[in-house]
Protein chains: 2
Amino acid sequence: MPIELTASQALGLWHGAALDQVRHDDRDLTLRQMAILLHIYLVPPPHTVRGLAATLDVTKPVITRALDTMGEMGLVDRVRDDADRRNVIIKRTVGGALYLEKLGDLIRDQARRLRI
Amino acid sequence: MPIELTASQALGLWHGAALDQVRHDDRDLTLRQMAILLHIYLVPPPHTVRGLAATLDVTKPVITRALDTMGEMGLVDRVRDDADRRNVIIKRTVGGALYLEKLGDLIRDQARRLRI
DNA sequence: GGAAAATGGAACGTTAGCGTAACGATCTTC
DNA sequence: GAAGATCGTTACGCTAACGTTCCATTTTCC
């Protein structure tokens, strides 16, 4: 049975990681974009616009625009689904993997600092 | 000596908490705004525009605009410093405390789910 | 085959973010 | 007290976000 996080530890972790991320990377993602990005990389594919919209409880254009922006940043990619050509399959990229790898490191550093 | 977070745990924690936060709150803060908000609430005052800009390594207008927006959202407040009237002291609000309390709960829930 | 449904995106007007540069107000220095 | 430095904000032109609505393409269902 692990020891539970205190409120102070939870927010301290978030604070430190957010701060480090802001300091070392110019790309200022919104929480929505971040949730989309993480979902794409952590949940087994395939991922579609409609599916992400339902998952995040936002409208489809929100997803489309987030993918536009993050695509421009090199964090995600889009490919038409050949099985059902109405669908667009969202793909991972090397840039996105690197971005999240770095974020993961920052979070782990904070956890270490806070002795979580 | 605590067990260290794995990369998967770190990102999974961030993913789950970001997702829940997006789902239950319309206010879509950027990572910069979030870092500012957390800094104000977790680091002892006083907080100034200049100080925050230096801490986050961003320009002053970025802080001013973030405070405008978050002030409108009821998350922070601003007061002129009577000791040096060039300064503006950034104050905490009930709304901001509630927002972060909720965020902390979401993070802790995720940590519990991931058995961190 | 033809109607209906579903998907992702575009269009519209609005709002909010950015960096750079300038501003008025205030304090410090001489 | 005048000159300069410092503080937060505003202005500018631009980019990107929003919600709503509508649309072209593709699939499904009789």
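Here is how names work: the chains are called A, B, and so on, in the same order as the sequence lines, proteins then strands, and each is numbered from 1. Owing to the predicted nature of the structure, the values given are computational and were not obtained by experimental measurement.
A/T6 OG1 to A/L114 CG: the interatomic distance, rounded to the nearest 0.5 Å, is 8.5 Å.
Regarding A/I90, its CD1 atom lies at a distance of 12 Å from the C1' atom of C/dT7, rounded to whole Å. B/D84 has its CG atom 10 Å from the P atom of C/dT26, to the nearest Å. Atom-to-atom, CG of B/D57 to C1' of C/dG19 comes out at 14 Å; the value is rounded to the nearest Å. Between the CG atom of A/L67 and the P atom of C/dA10 there is a distance of 12 Å, rounded to whole Å. A/M70 places its CE atom 17 Å from the C1' atom of D/dT15, with the value rounded to the nearest Å. In this structure, the CD1 atom of A/I63 is 11 Å from the P atom of C/dG9, given to the nearest Å. Note: CG (B/D26) to P (D/dA17) measures 18 Å, nearest angstrom. Here the P atom of nucleotide D/dC18 and the CG atom of A/L56 are 11 Å apart, to the nearest Å.
The pair A/R65-A/D68 does not count as a salt bridge, with every side-chain nitrogen at least 4.0 angstrom from each carboxylate oxygen.
Checked by distance alone, B/R65 brings a side-chain donor or acceptor within 3.5 Å of a matching partner on the base of C/dG19. The base of D/dT25 lies outside donor-acceptor range of the side chain of A/R85, with no N or O pair under 3.5 Å.
Among D/dT27, D/dC7, C/dG17, the nucleotide with an atom closest to any side-chain atom of B/K60 is D/dC7. Ranking C/dT20, D/dC18, C/dG8 by closeness to the B/T59 side chain, first place goes to C/dT20. For A/R86, the side-chain atoms get nearest to C/dT7 when compared with the rest of C/dA25, C/dG9, C/dT7. Distance from the side chain of A/R78 is smallest for C/dG9 among the nucleotides D/dT9, D/dT6, C/dG9. Which of C/dG8, D/dG8, C/dG17 sits closest to the side chain of B/Q33 comes down to C/dG17.
In this structure, A/N87 reaches the C/dG8 phosphate: one of its side-chain N or O atoms is under 4.0 Å from OP1 or OP2. Taking 4.0 angstrom as the limit, A/R32 places a side-chain polar atom (N or O) nearer than this to OP1 or OP2 of D/dC18.
Contact annotation for A/A83: backbone-only contact, meaning every heavy-atom pair under 4.0 Å involves sugar-phosphate atoms and none involves a base. Residue A/E72 is out of contact with every strand shown, counting any heavy-atom pair closer than 4.0 Å.
In terms of position on DNA chain C, the residue among A/G51 and A/D28 whose nearest nucleotide sits closer to the 5' end is A/G51. Place B/T69 and A/R80 on DNA chain C by their nearest nucleotides, and A/R80 ends up nearer the 5' end. Place A/P61 and A/T30 on DNA chain D by their nearest nucleotides, and A/T30 ends up nearer the 5' end.
Connection of A/L56 to B/L11 is established within a shared hydrophobic cluster, with ILVMFWY side chains joined at heavy-atom distances below 4.5 Å, either directly or through further cluster members. Taken together through direct or relayed side-chain contacts under 4.5 Å among Ile, Leu, Val, Met, Phe, Trp and Tyr, B/V62 and B/M73 form part of one hydrophobic cluster.
The closest donor-acceptor contact from the side chain of A/Q33 to the backbone of A/T30 lies under 3.5 Å.
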Using the rule given for side chain to side chain contact (heavy atoms under 4.5 Å, CB included), can you reason through B/R92 versus B/D77, listing the C-alpha separation, both sets of side-chain angles and the distance that settles it, and then say yes or no?
CA-CA 6 Å; B/R92 301 165 186 175; B/D77 198 10; over 6 Å; no

